[in-house]
There are 2 protein chains.
Amino acid sequence: MSDDRWVPPTVLVAVDLVILTLRSSRLYVLLIERGIEPFQGALALPGGFLSHEKEDLVAAAHRELAEEAGLGPDQLHLEQLGFYGAPDRDPRGRVVSAAYLAIAPRLPEPVAGTDASGACWIPVTQALAGDAQLAFDHEQILSDGVDRAREKLERSALATAFCGPTFTIAELQDVYEAVWGMRLDPRNFYRKVQSVEGFIVPAGPTRKTEGGRPARLFRPGPRATLHPPMIRPRGQADKETA
Amino acid sequence: MSDDRWVPPTVLVAVDLVILTLRSSRLYVLLIERGIEPFQGALALPGGFLSHEKEDLVAAAHRELAEEAGLGPDQLHLEQLGFYGAPDRDPRGRVVSAAYLAIAPRLPEPVAGTDASGACWIPVTQALAGDAQLAFDHEQILSDGVDRAREKLERSALATAFCGPTFTIAELQDVYEAVWGMRLDPRNFYRKVQSVEGFIVPAGPTRKTEGGRPARLFRPGPRATLHPPMIRPRGQADKETA
DNA sequence: TAAATAGTGTCTGTAAGACACTATTGA
DNA sequence: TCAATAGTGTCTTACAGACACTATTTA
């Protein structure tokens, strides 16, 4: 602090992404097989360094989303997750990672039009099982991202980001069940979700089908935060949906 | 992406601290009057650059806490808040700030044994009023920190971090009222706070006094997360306690 | 018709909010 | 005694959870 010509150290800044989506009622994360050292061959979150000195962090996140997942800025939710800056987290040197959480709606097929051909959707339970061996501290980042998603489903309208522009209440329930890892009563869910002011609004008298009686369609409502919140039942954790 | 000898840009990493405490039933934040450009003379959050290449970010936060507020690592709560990395946030160049939220218990006097003599506790309402003109994007960081504290009081035992090792229920209520900016019914608060399993535990048959009947003392309980949560009444926001 | 999913009605237990009331101190 | 704060009891209302029941489709 009293040195004469001390200059602060510079570091590299990476942007890493936890991209979650729903596929066949399960929560998936997008992972990339690393083509270069370190951790060559291991799975890692999509991400990379800033491209140039003036690049905004959010812009970098969107750039990575486009490059590695083919996802445009319009079709997903993106929020800051946290920073990860342990001195030894990257063997190449001091790298501080700015992690973002992205939620993508159901997509037609795994990864369309992607640069990184090693990209693949992996069930979150599998990626966190321990045998996956993610690169760097990415298992921690992924774990934090999933925790964040679980929490935000309670107090925000984040669940609608997993759905398309319109959705049925059953589809929305599917999101809650997959992210929370537990089953919910459809009848109570139906009433509850509609009683939360501004969460979802009817999307025309339109309909849709998939086996039984056609369901009403809804759109995301005007409110981003839910009052009262959706309550996540406690006690019996992670009753996996087969 | 296809350049031959491209190297990623390096940036400076700063650690900034939102240090909150309670003084006479109001929420205060520790601010420093800047002695150098940029923003010389303006108020800013305590913080600074990493001291050396290998310094851990949490360690840097604790170092700043000691240097600028005289606060040791034992006597406070510290958690990650978020990162702030807009390209133009610091006129000196590209600086990404790792922001931490610190909660300090009631302290005897403003800032004891401090290097930076310009440090002072300012009421949060005043610091966020707009006329304070904090340096950089520190008003945003402070605002986010206060929001975070408000939220965490609902679901975590963070409120006890504002108190000393033992406290009365009235003192705990004081925390909630100051941070949430609203009054709560003492009788219902009394029952509610005790009904939350593991939030607070009786600290001996000891007592204390301050006007009326002596109050029982409590210590923080074993649980960091509260089930069921403390509910923040909605609707009437920010009824300031005079 | 049966099977399947969508949607409604209703009961019950828990808990939040309101508030009267008792308890224990200092002045 | 009163004023002040600590702590208890109880009523009312809201709502989560359980679950019987009706509605509308395909096979």
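Each chain gets a letter, A, B and so on, in the order the sequences are listed, and its residues count up from 1. Since the structure is predicted, the reported quantities are computational estimates derived from the model, not experimental observations.
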L217(B) CG to dG7(D) C1', straight-line distance once rounded to whole Å: 15 Å
dA15(C) phosphate, OP1 or OP2, under 4.0 Å from K192(B) side-chain N/O: no
Q173(B) CD - dA6(D) C1' separation (whole Å): 11 Å
Touch class at under 4.0 angstrom, heavy-atom based, for R216(A) against every strand present: sugar-phosphate
DNA chain D: 5'-proximal contact among G211(A) and S195(A) (nearest heavy atom): S195(A)
Plane angle bin for W180(A) and Y176(A) - parallel if under 30°, tilted between 30 and 60°, otherwise perpendicular: perpendicular
Gap between atoms CG and P, on N188(A) and dA6(C) respectively (whole Å): 15 Å
Worked verdict on D144(B) versus Y84(B) for side chain to side chain donor-acceptor pair (under 3.5 Å): CA-CA 11 Å; D144(B) 291 348; Y84(B) 296 81; 2.5 Å; yes
Nearest-neighbour nucleotide for the A215(B) side chain, dA6(D), dT8(D), dT25(C) considered: dA6(D)
From NE2 (H62(A)) to CG (L78(A)), nearest 0.5 Å: 4.5 Å
Separation of atom CZ in R213(A) from atom P in dA27(D), rounded to whole Å: 18 Å
5′-ward residue of the pair F218(A)/R232(B) relative to DNA chain C: F218(A)
Cationic N near anionic O, under 4.0 Å, E79(B) to K152(B): yes
Gap between atoms CG and P, on L184(A) and dA18(D) respectively (whole Å): 10 Å
Distance, rounded to the nearest Å, where Q194(B) contributes CD and dA16(C) contributes C1': 16 Å
Nucleotide nearest R187(A) (side chain, heavy atoms from C-beta), chosen from dT25(D), dA20(D), dA6(D): dA20(D)
Along DNA chain D (nearest heavy atom to each residue), the more 5'-positioned of G212(A) and D185(A): D185(A)
Shortest side-chain distance from Y190(B), nucleotide among dT24(D), dG17(C), dT8(D): dT8(D)
Base dT10(D) to side chain R191(B), donor-acceptor N/O within 3.5 Å cut-off: yes
Gap between atoms CD and C1', on E171(A) and dG7(C) respectively (whole Å): 16 Å
Electrostatic pair R63(B):E67(B) at N-O distance under 4.0 angstrom: yes
Nucleotide dA6(C), atom P - distance to CG of L172(A) in whole Å: 12 Å
